[in-house]
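In what follows, a single structure is set out as structure tokens and then discussed.
Atoms within a ligand are numbered from 1 in the order they appear, just like the ligands themselves.
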Amino acid sequence: MKSAQYLLLPGPTPIPLRVARAMDRPMINHRGPEFKAIIEEVTAGVKQICRTQGNLLIYPSSGTGGLEAAVVNFISPGDKVLAISIGVFGDRFAEIARRFGACVEKMEFAWGSGADPEQVRLRMEQDVDQEIKAVLITHNETSTGAYNDIKKIRQAMGGHPALMLVDAVSGLAAIELRMDEWNLDVVVSGSQKAFMIPPGLCFMAFNDRALETQRKNLNNKYYWDVSLGLEYLAKGQTPFTPPISLYYGLQEALRMMLEEGLDSILQRHTAYREMVRTGLRAMGLELFTADQYASNAVTSVRAPGGIGANRIRKYMLDEFNTILAGGQQNLDDAIFRLGHLGYIRELDIISVLAALEITLVKLGHPVELGAGVREAQQVLMRVHGDRQK
Ligand SMILES: Cc1ncc(COP(=O)(O)O)c(C=O)c1O
């Protein structure tokens, strides 16, 4: 018998049965009252998750489409843009802006770390003529398992009028983000991560300041045009045919999320991070990201000497039907990544750590069986203790 699959990717993530059942419903008229009720409910729900009262549009697209939507609406060709990058996805956001004609200045930080707010502060202060029109940043850098302290970086921009555009595709609802309170202008996220639904939707929240910029934007656009999106949203519709089944799923997932409460969701993800990191360290493994920058959503691990990360992943897949992510670009075979966001249970993490211990022993890395599991259990005991207080 093949055991149930453990999908520990940083997206797509497992889907709750409630969501799967909700999606298994007949089609409805996307220009009728039933769909209007759904779009109104989910728009309000995603805004709650972004902690914003601003504007929010949902597009049928992967996360990258959302990043492109942000660029084409809020950055004009020739605009100077500061793109802060700490990994693959920071590079991607910069590249999208470049391809749409922005003059992109990259500010790069070592992979595995977060951006230094002080350097951002200095750069913004230097820009006395306020040439920089937008700052691009990644909330959670999925390729390394590091996150950026968005609040501090926003504060570091001081009174500079540049818009801040945040790629929160994998971070939203796993790591704290307060769009309005932190004064973020645009936040993009995706369905297949902490939202617990399949890939295929992206969310783009933007404030009125961003909307004002959009009105003067010089890019050609049609599908991504937020003016059109807002016009239709006011009628309870989307400009083009929406993926209705995904909306059913989103509606149910948001109900689950709001029943649990956003603070509890974030705490649960913090507990996952602690369990995973403590357990892995007890196995003698080296973590790629320092504690200071460690993500709640994904943890990157260096493969121990002589054992490639991809051999570990293959053994985990073949023997335990457990799917871990590999390293991207230069990190291929050097690291593996455990996604722990969305619909993951504490006991899933314990099981995966147990499987990983056996895998490491089989591949020649000396681990005392149970060492990592025991430490993760200790973390879990503390978390349960705190919850009961
Ligand atoms: C931080 C981040 N940005 C952007 C993307 C791109 O999303 P997609 O693959 O859905 O286009 C991802 C996907 O993993 C991501 O983690």
Subject >> Any residue meeting side chain to side chain donor-acceptor pair (under 3.5 Å) with Lys133, in chain and number order, not counting sequence neighbours >> reply: none
Subject >> ligand 1 atoms in contact with Ser62 (distance to a heavy atom under 4.0 Å) >> reply: 8 (P), 10 (O), 11 (O)
Original post:
Can a non-hydrogen atom of Glu141 be found less than 4.0 Å from any atom of ligand 1?
Top reply: no
Original post:
For the residue pair Tyr59 and Tyr223, does the interplanar ring angle fall in the parallel (under 30°), tilted (30 to 60°) or perpendicular (over 60°) class?
Top reply: tilted
Original post:
Short list, please: which atoms of ligand 1 are under 4.0 Å from a heavy atom of Thr142?
Top reply: 1 (C), 2 (C), 15 (C), 16 (O)
Original post:
Is it the side chain, the backbone, both or neither of Thr64 that has a heavy atom closer than 4.0 Å to ligand 1?
Top reply: both
Subject >> Heteroatom proximity flag, Asn140 to ligand 1, N/O under 3.5 Å >> reply: no
**OP:** Heavy-atom distances under 4.0 Å are what count here, so tell me which part of Arg92 touches ligand 1: side chain, backbone, both or neither.
**Re:** side chain
Original post:
Do Tyr272 and Arg268 get their side chains close enough for a donor-acceptor pair, meaning under 3.5 Å?
Top reply: yes
**OP:** Would you kindly check if the NZ (Lys) or CZ (Arg) of Arg25 is within the cone defined by 45 degrees around the ring axis of Tyr248 and under 6.0 Å from the six-membered ring centre?
**Re:** yes
Original post:
Do we see a donor-acceptor contact under 3.5 Å between the side chains of Ser227 and Gln214?
Top reply: yes
Subject >> Contacting atoms of ligand 1, where contact means under 4.0 angstrom from a heavy atom of Ser170 >> reply: 1 (C), 16 (O)
Original post:
What about Gly63: any of its N or O atoms under 3.5 Å from an N or O on ligand 1?
Top reply: yes
Subject >> salt bridge (charged side-chain N to carboxylate O under 4.0 Å, His left out) contacts in which one or both residues fall within residues 53-74, not counting sequence neighbours >> reply: none
Original post:
Which heavy atom of the protein is the closest neighbour of atom 12 (C) of ligand 1, given with residue, atom name and distance?
Top reply: Phe89 CE2, 3.3 Å
**OP:** Return yes or no for this condition: an N or O of Thr138 is under 3.5 Å from an N or O of ligand 1.
**Re:** no
